[in-house]
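Step one of this worksheet: look at the structure below.
Atoms considered below: every heavy atom in the structure, side chains included; atoms not considered: hydrogens, waters and symmetry mates.
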Amino acid sequence: MDFNVKKLASDAGVFFTRAVQFTEEKLGQAEKTELDAHFENLLSRADSTKNWTEKIQRQTEVLLQPNPSARVEEFLYEKLDRKVPCRVSNGELLGQHMTDAANDFGPSAPYGQTLIKVGETQKKLGTAERDFIHSTTVNFLTPLRNFLEGDWRTISKERRILQNLRLDLDACKTRLKKAKTAEAKAAAELELRVAQTEFDRQAEVTRLLLEGISSTHVNHLRCLHEFVEAQATYFAQCYQYMVDLQNQLGSNPPPPATLPVLQVVSPNPAEGALNPVEVMPPSSGTRKARVLYDYEAADSSELALAADEVSEYLLE
């Protein structure tokens, strides 16, 4: 118990001495040991690396997952060291909706057939997006996080130790200046030599860590190249999927856009439904209409129609 009390008292004394030294420096009442220009440049470079790495990491996360709620959920899973649930991408979800709609409308109808083709392509785009996100997370985001949560924390810790030892060193210098007796001066000089040795040793440790930032840049450069490769692969896949889809749709194009100019809707007396037909420009007192889907006549007063059939009728 006595040992713990003495240690606490000693720590409190050290903290007080450092606080006094720091305050007097801020007030201009005490001298401050300055680091050399090279060391200051290393500190500035390290701070810039940390700040820009944080910004790049955060914005990359936004790029990969624009939904802030989903990002928070993923963050919590990572902190709890649990696997993030696999989500269906927006493209895959859209593709599934299109496929379901096609089955509801009729997969053999022109609209249904096209929905299926476009839906399958959307699923492929969604899968490509998930692959891109996974690749970028592993090869680009993870190294950035490792630096911030590993190397940078170590650098920050050693910098704090160096700052404390610098305060101790300058406090010893102040005590030496204030010493009046030969005995007090001798004790202050001994404390100063010890403090100077500890400061120099810690400065060397911190300097080596700061110089390691160059290796960090090299590592992040390699990761940046991998990010570009992943992004190029992703966009190339998406482009190829869309070209293939265009070719598929080109084999069965919709009616020329210059023919239909308006849509006529006829009520079905039997079912109360609406039967739309696309209408072409009038010519010589008549109109032509292209039937959008099959229609069975309910009685002799109606006309049975087949999909894609063009019917001509007189204007009244």
Side-chain angles (χ1 to χ4, degrees), residues 45-79 81-102 113-152 212-254:
R45 187 165 180 249
D47 289 334
S48 295
T49 300
K50 180 258 185 180
N51 293 334
W52 284 114
T53 300
E54 281 184 332
K55 291 180 180 179
I56 292 172
Q57 176 203 342
R58 285 197 297 265
Q59 195 57 40
T60 304
E61 291 172 345
V62 173
L63 173 69
L64 300 182
Q65 178 51 268
N67 188 331
S69 298
R71 291 201 303 274
V72 171
E73 182 182 351
E74 292 174 358
F75 174 79
L76 292 176
Y77 272 103
E78 289 176 2
K79 290 301 179 183
D81 198 21
R82 296 174 60 184
K83 184 178 180 182
V84 179
C86 182
R87 288 191 182 89
V88 177
S89 67
N90 291 328
E92 291 172 312
L93 186 58
L94 174 60
Q96 188 59 51
H97 287 339
M98 288 183 171
T99 301
D100 293 342
Q113 291 177 353
T114 303
L115 275 172
I116 291 176
K117 293 177 182 178
V118 177
E120 290 301 319
T121 298
Q122 293 301 319
K123 291 179 182 179
K124 291 179 181 178
L125 293 173
T127 300
E129 180 186 17
R130 276 200 293 114
D131 292 342
F132 166 65
I133 291 174
H134 175 73
S135 176
T136 300
T137 300
V138 172
N139 298 321
F140 186 60
L141 273 181
T142 298
L144 299 186
R145 290 171 182 161
N146 289 342
F147 165 71
L148 293 172
E149 297 175 2
D151 293 350
W152 181 253
I213 291 294
S214 296
S215 299
T216 299
H217 284 194
V218 172
N219 183 41
H220 289 181
L221 174 61
R222 177 184 56 81
C223 296
L224 185 60
H225 278 280
E226 293 187 1
F227 169 66
V228 172
E229 288 298 323
Q231 204 168 36
T233 299
Y234 168 59
F235 287 127
Q237 285 179 325
C238 293
Y239 174 76
Q240 189 59 52
Y241 290 149
M242 295 310 300
V243 169
D244 293 342
L245 178 60
Q246 284 182 316
N247 292 335
Q248 292 180 44
L249 299 181
S251 62
N252 186 23

Report task. Please examine the side chains of Thr137 and Arg145, heavy atoms only from C-beta on, and report whether any two atoms are closer than 4.5 Å. Result -> yes
[X]: which residues meet the salt bridge (Lys or Arg N to Asp or Glu O under 4.0 Å) condition with it, sequence neighbours left out?
X	result
Glu129	none
Arg45	none
Lys124	none

Query - Audit row: Gln57, Glu61, side chain to side chain donor-acceptor pair (under 3.5 Å) steps and yes/no - result: CA-CA 6 Å; Gln57 176 203 342; Glu61 291 172 345; 3.1 Å; yes
Using atom types as modelled, flag every donor-acceptor pair under 3.5 Å from a side chain in residues 218-230 to any protein atom, sequence neighbours excluded.
unit_1	atom_1	unit_2	atom_2	d
Asn219	OD1	Arg222	NH2	2.6
Arg222	NH1	Glu226	OE2	3.2

By side-chain hydrogen bond (donor to acceptor under 3.5 Å, both in side chains) - contacts of [X] (at least two apart):
X	result
Ser89	Glu92
Thr233	none
Asp131	none
Asp47	Arg159

**Report entry** side-chain contact (heavy atoms from CB on, under 4.5 Å) evaluation trace for Leu125 with Met242
**Finding:** CA-CA 9 Å; Leu125 293 173; Met242 295 310 300; 3.9 Å; yes
Only counting residues at least two apart or in another chain, list the ones meeting side chain to side chain contact (heavy atoms under 4.5 Å, CB included) with [X].
X	result
Thr60	Ile56, Leu64, Thr136, Phe140, Leu141
Ala236	none
Leu94	Met98, Gln122

Query raised in the report: In chain order, what residues pass the ring pair (Phe, Tyr, Trp, His ring centres under 6.0 Å) check against Tyr241, with sequence neighbours excluded?
Result: none
Could you measure the distance from the [atom1] atom of [X] to the [atom2] atom of [Y]? Nearest 0.5 Å is fine.
X	Y	atom1	atom2	answer
Ile213	Phe147	CD1	CZ	4.0 Å
Tyr234	Ile133	OH	CD1	7.5 Å
Leu249	Gln113	CG	CD	11.0 Å

Requested in this report: Would you indicate whether His217, at its atom NE2, is surrounded by more than 12 heavy atoms from other residues, nucleotides or ligands within a distance under 6.0 Å?
Outcome: yes
Report task. Report, as yes or no, whether the 6.0 Å neighbourhood of atom CG on Asp100 holds more than 12 heavy atoms from other residues, nucleotides or ligands. Result -> yes
Query raised in the report: Do the side-chain N and O atoms of Asp244 and Gln248 include a donor-acceptor pair separated by under 3.5 angstrom?
Result: no
Query raised in the report: What is the minimum heavy-atom distance between Gln237 and Ala128, and which atoms define it?
Result: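 Taking Gln237 first and Ala128 second, the nearest heavy atoms are OE1-CB, 3.5 Å.
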Query raised in the report: Which atoms form the tightest heavy-atom contact between Thr142 and Val138, and what is the distance?
Result: CB-O, 3.5 Å
